[in-house]
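Position 1 is the first residue of the sequence; numbering continues from there. Side-chain atoms are counted along with the backbone in the values below, which use heavy atoms only and exclude waters and symmetry mates.
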Amino acid sequence: MTKTVEEIRYQLEEWLAQGFTSPEDRAKYQALKEQYEDETLDYSFSRREITGQLELIITSRENDFPNLDEVTKAEYLDLVAQLDDLDKRQADYYRKQLA
């Protein structure tokens with residue numbers, strides 16, 4: 001049985017809301033997300049993942065944002081570059097946060 005786009009979207013939303021209990025769950029989510037993105041060209045789940053990671057870097061007390069150590073800064077800029085491919089406006093916002 002082939003899932004409809006709506007069913008796939010619902011499943012992806014459910015996984016994000018519940019979190020992942022194992023690497024296998026995460027792998028299933030990634031595969032389904034890629035299928036969804038290929039079929040719909042809707043990259044909202046990828047954008048949400050990237051912005052979630054960026055927000056975690058910004059809000060984590062250990063990071064002393066915006067005075068990031070070199071490794072964390074490189075990670076942040078890599079995420080911004082990935083986001084730039086999906087949503088330039090959001091990427092610009094996160095670039096400005098670091099400046």
Side-chain angles (χ1 to χ4, degrees):
M1 177 178 120
T2 304
K3 291 184 175 184
T4 67
V5 171
E6 293 82 21
E7 290 171 324
I8 293 172
R9 183 173 183 78
Y10 179 79
Q11 180 64 51
L12 292 169
E13 290 285 353
E14 284 295 306
W15 268 328
L16 284 180
Q18 295 173 6
F20 306 103
T21 57
S22 70
E24 292 81 20
D25 284 349
R26 176 76 177 153
K28 288 177 189 176
Y29 166 82
Q30 281 299 122
L32 191 60
K33 182 186 76 165
E34 288 173 15
Q35 176 188 347
Y36 175 81
E37 290 177 346
D38 288 346
E39 288 180 21
T40 65
L41 301 178
D42 174 4
Y43 299 99
S44 60
F45 289 100
S46 289
R47 279 195 306 272
R48 285 171 52 187
E49 288 176 27
I50 294 168
T51 57
Q53 292 173 45
L54 289 166
E55 288 297 322
L56 187 61
I57 290 171
I58 290 171
T59 59
S60 178
R61 288 186 215 180
E62 299 85 40
N63 288 335
D64 187 30
F65 192 83
N67 304 312
L68 299 172
D69 62 69
E70 290 305 311
V71 172
T72 307
K73 185 175 184 178
E75 198 177 302
Y76 182 92
L77 292 173
D78 180 55
L79 288 167
V80 171
Q82 291 175 39
L83 185 58
D84 197 45
D85 292 339
L86 302 172
D87 188 330
K88 186 158 184 58
R89 183 187 56 77
Q90 269 191 321
D92 289 343
Y93 168 80
Y94 284 103
R95 274 192 203 90
K96 289 177 185 173
Q97 296 301 307
L98 192 58

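A side-chain donor-acceptor contact under 3.5 Å links N63 to the backbone of I57. With hydrogens and angles disregarded, no donor-acceptor distance shorter than 3.5 Å links the side chain of Y76 to the backbone of P66.
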Test side-chain contact (heavy atoms from CB on, under 4.5 Å) applied to F65 and T72, step by step: CA-CA 10 Å; F65 192 83; T72 307; over 6 Å; no

Side chain to side chain donor-acceptor pair (under 3.5 Å) for T51 and Q90? Distances and angles first, verdict last. CA-CA 8 Å; T51 57; Q90 269 191 321; 4.9 Å; no

Dump the intermediate steps for side-chain contact (heavy atoms from CB on, under 4.5 Å) on R9 and D42, then the final yes or no. CA-CA 10 Å; R9 183 173 183 78; D42 174 4; 3.1 Å; yes

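Ring geometry, F45 versus Y36: the interplanar angle exceeds 60°, so the pair is classed perpendicular (tilted spans 30 to 60°).
More than 12 heavy atoms of other residues, nucleotides or ligands shown are found within 6.0 angstrom of CZ on F20.
Look at R95 and D92 and you find a salt bridge, because one of the NZ, NE, NH1 or NH2 atoms lies within 4.0 Å of a carboxylate O, short of that distance. Ion pair E13/R48 flagged as a salt bridge, since at least one NZ, NE, NH1 or NH2 atom sits closer than 4.0 Å to an Asp/Glu carboxylate oxygen. Of the charged side-chain nitrogens involved, at least one lies within less than 4.0 Å of a carboxylate oxygen, so that R26 and E49 count as a salt-bridged pair.
The CD atom of Q11 sits 10.0 Å away from the CG atom of L16 when rounded to the nearest 0.5 Å. Note that CG of L79 is 11.5 Å distant from CD of E55, once rounded to the nearest 0.5 Å. A distance of 7.0 Å separates OG of S46 from CD of Q30, quoted to the nearest 0.5 Å.
Residues L77 and K73 meet the side-chain proximity criterion, which asks for heavy atoms closer than 4.5 Å. Contact check for R89 versus Y93: no side-chain heavy atoms found under the 4.5 Å cut-off. Side-chain contact between R47 and I50 is absent, with no heavy-atom pair separated by less than 4.5 Å. Counting only heavy atoms from C-beta outward, the side chains of W15 and K33 never approach each other to under 4.5 Å. Using a 4.5 Å heavy-atom threshold, the side chains of Y43 and D85 count as separate. Between Q97 and L54, every side-chain heavy-atom pair lies at or beyond the 4.5 Å cut-off.
In this structure, L83 is a member of the same hydrophobic cluster as L41, with clusters built from ILVMFWY side-chain heavy atoms closer than 4.5 Å. One hydrophobic cluster holds both Y29 and V5 under the rule that ILVMFWY side chains link at heavy-atom gaps under 4.5 Å.
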